[in-house]
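Comments concern the structure below.
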Number of protein chains: 2
Amino acid sequence: MSKCEQCIVRQFNSLKALSKEELIRISGCKTTRTVKKGEIIFEEGENINGVFCIKDGICKLSKLSANGKDQIVKLVVKGDLLGQRSLVGEESANLSAVALNDMEVCFIPKHEIMNDLQQNSKFSFDVLQQMAKDLKESDDIIVNMAQKSVKQRLAETLIYVYNHFGNNDEGFLDVILSREDYANIVGTATESAIRILSQLKKEGLISTSGKQIKIEDLKGLEHIE
Amino acid sequence: MSKCEQCIVRQFNSLKALSKEELIRISGCKTTRTVKKGEIIFEEGENINGVFCIKDGICKLSKLSANGKDQIVKLVVKGDLLGQRSLVGEESANLSAVALNDMEVCFIPKHEIMNDLQQNSKFSFDVLQQMAKDLKESDDIIVNMAQKSVKQRLAETLIYVYNHFGNNDEGFLDVILSREDYANIVGTATESAIRILSQLKKEGLISTSGKQIKIEDLKGLEHIE
DNA sequence: AACAATATATGATATTTGTCATGTTTTAAC
DNA sequence: GTTAAAACATGACAAATATCATATATTGTT
């Protein structure tokens, strides 16, 4: 089994604040799991009892609303931690996590990491900083949801995906989301998302090939009214 | 000047995790300020360089969106802390804070509290827990914004105000918000908020007297489709 | 008390977004 | 490769919400 102390992914999240001894202890009790595209890592309401460290792949965090639609709240990437909020709040998961492509995920049980969180102030401050960042992002999303049009929100989502995950060799966005996923990020009907993507295509701001999307005019997307 | 060690408000926020010595030190450097209804405590983009502790009163946290409208993200009450997120993230304020009634607010400068945050693990864990709670609330608001109607959101806002701030002697909500404030919480046009309040009145779910609002049928409000 | 400023109320209308229906394309399974 | 299922696309229409106009009520100020 691979070791946390040597895992490069750790550099990108709060685990970097742990000492070598702490890492070795955690490495000894962690489990690693591969998750196929579409599979559930955990579900809303579930007692996750630990923290996930994303070694590879991308997943979505979403919540089922009363009307039966999933709302995607955040995309989580290779290097990110998952489940800290529930751990700290000592609650069951508020959101579900579903893989968007094939993933490799490590799981660190609660009892192993909770001590570090309460006693290693460098580590807990790092977790605190990450959570502060998440909170800012969520607050900004609230403002966007409330004040921007579906078209603007969809354009911003495309830009977000471009900025965070980049393009593949042929210039298409490297993360492939279904139209339904885009709708569930933006908070609109799937048909509306499809319609607006068609519109953006007609306007020359993007082009598509199957599910793949290419950004043709970033400035144009940024300036949608 | 009154002393933090003796301040009852402290019991309601993370400052309760500080030792008597730390509190005395902080008490010595804090400043207290009264803020009149409508006055600004700090503005988005401002460098606040410290934390506010709300001794009395209520304020709104809001952000100006591109279309010129304020979006209210959170109501903050007596006992709450303000500015922790910016402090932890070492950033300027992401939101503006404006008093909704007359307030008394203490200010603790950054350099005094930052040490405690990094070294008193009980304190920083308490701040972390509060932030985890805020993050959960914000994520839930995103879902509501995206998936619920304006009428549902407005009804939920009324219920929220009722649950958190209660009624006055005559049964009216104890916190008085303008119709514009309600619109800015819900993320809609002021006219729409007014219209829906009129509708709720006709349906017998609430009654009003000037700016005052009385909840007549809580269950009814909860079950709006 | 009179006045101006601000907030509330409501109608008419335009715009945005959602829903339902239906057809086409792509993907996955055998 | 064929076929069934899922995803994508688009039209027609309905519903929700925003905008503009205007009237009334409330509040604070002199």
Would you mind telling me which of A/K201, A/E216, A/K214 makes a side chain to side chain donor-acceptor pair (under 3.5 Å) with A/S207?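 Among A/K201, A/E216, A/K214, the one meeting side chain to side chain donor-acceptor pair (under 3.5 Å) with A/S207 is A/E216.
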Examine the side chains of B/S138 and A/D139 and answer whether a donor and an acceptor come within less than 3.5 Å of each other.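 B/S138 vs A/D139: donor-acceptor pair found between side chains.
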Please check the phosphate of C/dT10 (OP1 and OP2 only) for any side-chain N or O of B/S198 closer than 4.0 Å.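 Affirmative; the distance criterion is met.
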Whole-Å gap separating [atom2] ([N]) and [atom1] ([X]):
X: B/E180; N: C/dT6; atom1: CD; atom2: P; result: 12 Å
X: A/N67; N: D/dA16; atom1: CG; atom2: C1'; result: 14 Å
X: A/N184; N: D/dC8; atom1: CG; atom2: P; result: 12 Å
X: B/Q212; N: C/dT8; atom1: CD; atom2: C1'; result: 15 Å
X: B/M145; N: D/dT17; atom1: CE; atom2: C1'; result: 14 Å
X: B/I194; N: D/dA25; atom1: CD1; atom2: P; result: 15 Å
X: A/L177; N: D/dA7; atom1: CG; atom2: P; result: 13 Å
X: B/L154; N: D/dT17; atom1: CG; atom2: P; result: 11 Å

Can we say B/D70 and B/K60 salt-bridge, meaning some charged N sits less than 4.0 Å from an Asp/Glu carboxylate O?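 Answer for the salt bridge query: no.
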Any Lys/Arg nitrogen of B/E91 or A/K136 sitting under 4.0 Å from an Asp/Glu carboxylate oxygen of the other?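 Looking at A/K136 together with B/E91, the answer is no, because their closest N to O distance does not fall below 4.0 Å.
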For the side chain of B/N13 and the backbone of B/L81, is there at least one donor-acceptor N/O pair under 3.5 Å apart?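 No, the answer is negative, given that no donor and acceptor are paired below the 3.5 Å cut-off.
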Using a cut-off of 4.0 Å between protein heavy atoms and nucleotide atoms, how would you tag nucleotides 14-27 of chain C 5' to 3' with B, S and -? ---SBBB-------
Name the orientation class of the two ring planes belonging to A/F107 and A/F52 (parallel below 30°, tilted from 30 to 60°, perpendicular beyond 60°).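 Tilted: the ring planes of A/F107 and A/F52 meet at 30° to 60°.
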